[in-house]
S.K.: 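Before we start, here is the structure in question, set down as structure tokens.
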Amino acid sequence: MKDTLFTDIGRLVGILPQGVKQLCGKEMDRVEAIDNAFLLVKNGKIESFGPMENLPTVSADVCVESLAGKMLLPAFCDAHTHIVYAGDRLQEFVDKINGLSYEEIAARGGGILNSADLLHSTSEDSLYLQAKERLEEMIAKGTLSMEIKSGYGLTTEDELKMLRVIRRLKENYPVTIKATFLGAHAVGRKYVGRQEEYTELVCKEMIPAVAREKLADFVDVFCDAGFFPVEQTAKILSAAAAYGMRPKIHANELAVSGGVQVGVEFNAVSVDHLERTTDAEMEVLRNSDTMPLMLPGASFFLGMPYGRAKDYIGAGLPVALASDCNPGSSPSSDMRFIMALGCIKMKLTPQQSFNACTINAAKAMGVEDLAGSITVGKKAGFIVTNKVMELGFIPYFHHTPFIEKVLY
Ligand code: NIG
Ligand code: FE
């Protein structure tokens, strides 16, 4: 973004002081705003903001743009996505409608392995073109920071192919992208029945190859019933730790898996899903530096229970929400829909849900110093709404268009 002074902002929403890394418990109840405000962007960062009475004078090389009374919000952060995938899984969508469960489809060799087969026969260029369309949709819907995972390769070569696509997205779009290596998303087709050998491959071949090309910021494991048990998860996390990759793991989607405990033990940046958790998981997360991240889009699509976000907040913990956009369990990257599910299904207030989709989501992908709030020094990336409205209108009128433009 060019150096710009935005004037006549009807309402500037989502303001936080410098140094706030996350919001916990009651802190999530508030979203600060200034009516009739200005905001100055310099060198791609927020330089200052405040009420129009304090409008600064700027040099002639700074653009001045009036927002004519509209509302300006920080862009959404989506800390858990799988937007690099080939084709679709429409047939499984229909199978689910006809009564098969996600686990039954996976057990028949469908699901993630189905996506891996498709990805194997797709060129890197074609995969890039498919992923870039999804990224552009996310941007248009107001998400400017996103984590993207591998995990549909399941061979060294195909995992690298996916991560190179993510690297190309990083190079070509001025948004904030974090890459996560998810070689342990499922046991690759050739290793079915030999899970321990597959785990060895992940640890000894895939992780070193990914690290050599510096392709991943984080490491992920699907630590759940029918997927990777805790002991193998620990092996993978410890192999990745040797290369400085912090975990962000899938845990407790299908069962209480021990994933939260092993994630916290390895100082995960977040533990994700948590559709099934007991109070024990909450206690483990307290006093950790690990964000509980919940994915209501997957609960919605698969008809699973929703994460206990309200209980977490009630217990003084932080909570973040993400889309989990993927072709099998959550085929939408719309963070406004996620914010609405946070309110409608998880019973968060609009303010709590907004904080879960912005500042806490930024923390869940390690970009809290760059994104997630209107704060001096953060990267410029905003949603301009089509009129001034209560924050609650965004989840309440959950499918009424509300974005006029996205600025970045
Ligand atoms: O987060 N749970 C594991 N992975 C994805 C689903 C991936 C797929 O089905 O393609 C998830 O829900
Ligand atoms: Fe996921």
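Note that ligands are numbered from 1 as they come in the structure, with each ligand's atoms numbered from 1 the same way. Each residue takes its place number in the sequence, starting with 1. Because only heavy atoms are used, hydrogens play no part in the values below, and waters and symmetry mates are left out as well, while side chains stay in.
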S.K.: For atom 11 (C) of ligand 1, grab the closest protein heavy atom and report residue, atom and distance to one decimal in Å.
M.R.: Asp324 OD2, 3.1 Å
S.K.: Can you see which heavy atom on Asn326 is nearest to which on Ser329, and at what distance?
M.R.: OD1-N, 2.7 Å
S.K.: Please tell me whether Lys378 and Ser373 have a donor and an acceptor in their side chains that are separated by less than 3.5 angstrom.
M.R.: yes
S.K.: Which distance, rounded to the nearest 0.5 Å, do you find between the CG of Leu302 and the CG of Asp324?
M.R.: 9.0 Å
S.K.: Any non-hydrogen atom of Tyr85 lying under 4.0 Å from ligand 1?
M.R.: no
S.K.: Strictly under 2.8 Å, is the Fe ion (ligand 2) approached by any N, O or S atom of Asp324?
M.R.: yes
S.K.: Quick test: of every protein heavy atom, which one is nearest to atom 10 (O) of ligand 1, and how far off is it to 0.1 Å?
M.R.: Tyr152 OH, 2.6 Å
S.K.: What residue and atom, counting heavy atoms only, is the protein's closest point to atom 2 (N) of ligand 1, and at what distance?
M.R.: Glu253 OE1, 2.6 Å
S.K.: Hey, are Arg168 and Asp125 close enough for a salt bridge, meaning a charged N less than 4.0 Å from a carboxylate O?
M.R.: yes
S.K.: When you measure from atom 3 (C) of ligand 1 to every protein heavy atom, which one gives the shortest distance, and what is it?
M.R.: Phe222 CE2, 3.2 Å
S.K.: Please write down residue, atom name and distance for the protein heavy atom closest to atom 6 (C) of ligand 1.
M.R.: Tyr102 OH, 3.1 Å
S.K.: Please determine whether the number of non-hydrogen atoms from other residues, nucleotides or ligands lying under 6.0 Å from atom CZ of Phe93 exceeds 12.
M.R.: no
S.K.: Counting non-hydrogen protein atoms only, what is the nearest one to atom 4 (N) of ligand 1? Give residue, atom name and distance.
M.R.: His185 NE2, 2.7 Å
S.K.: What's the NE2-the Fe ion (ligand 2)-NE2 angle here (His82, His250), rounded to 10 degrees?
M.R.: 100°
S.K.: With Met162, which of Tyr85, Tyr152, Phe181 fulfils side-chain contact (heavy atoms from CB on, under 4.5 Å)?
M.R.: Tyr152
S.K.: Count the heavy atoms belonging to other residues, nucleotides or ligands that lie under 6.0 Å from NZ of Lys45, then report whether that count exceeds 12.
M.R.: no
S.K.: Which protein non-hydrogen atom lies closest to atom 12 (O) of ligand 1, naming both residue and atom, and how far is it?
M.R.: Ser329 OG, 2.5 Å
S.K.: Under a 3.5 Å threshold, yes or no: a donor from one side chain and an acceptor from the other, between Glu275 and Asn252?
M.R.: no
S.K.: If I consider every N, O or S atom in His80, which one ends up closest to the Fe ion (ligand 2)? I only need its name.
M.R.: NE2
S.K.: Decide side-chain contact (heavy atoms from CB on, under 4.5 Å) for Asp217 and Arg246; before the verdict, give the C-alpha distance in whole Å, the side-chain angles of both, and the deciding distance to 0.1 Å.
M.R.: CA-CA 7 Å; Asp217 302 291; Arg246 262 183 96 180; over 6 Å; no
S.K.: With a 4.0 Å cut-off on heavy atoms, is Phe227 in contact with ligand 1?
M.R.: no
S.K.: Under 3.5 Å between any N/O of Ser115 and any N/O of ligand 1: does that happen in this structure?
M.R.: no
S.K.: Out of curiosity, Ile236 CD1 to Ile207 CD1, how far, rounded to the nearest 0.5 Å?
M.R.: 6.5 Å
S.K.: Could you tell me, atom by atom, which parts of ligand 1 come under 4.0 Å of a heavy atom of Ile112?
M.R.: 7 (C), 8 (C), 9 (O), 10 (O)
S.K.: His80 heavy atoms, cut-off 4.0 Å: which ligand 1 atoms fall inside?
M.R.: 1 (O)
S.K.: In terms of atom number and element, which parts of ligand 1 are under 4.0 angstrom from non-hydrogen atoms of Asn326?
M.R.: 5 (C), 6 (C), 7 (C), 8 (C), 9 (O), 10 (O), 11 (C), 12 (O)
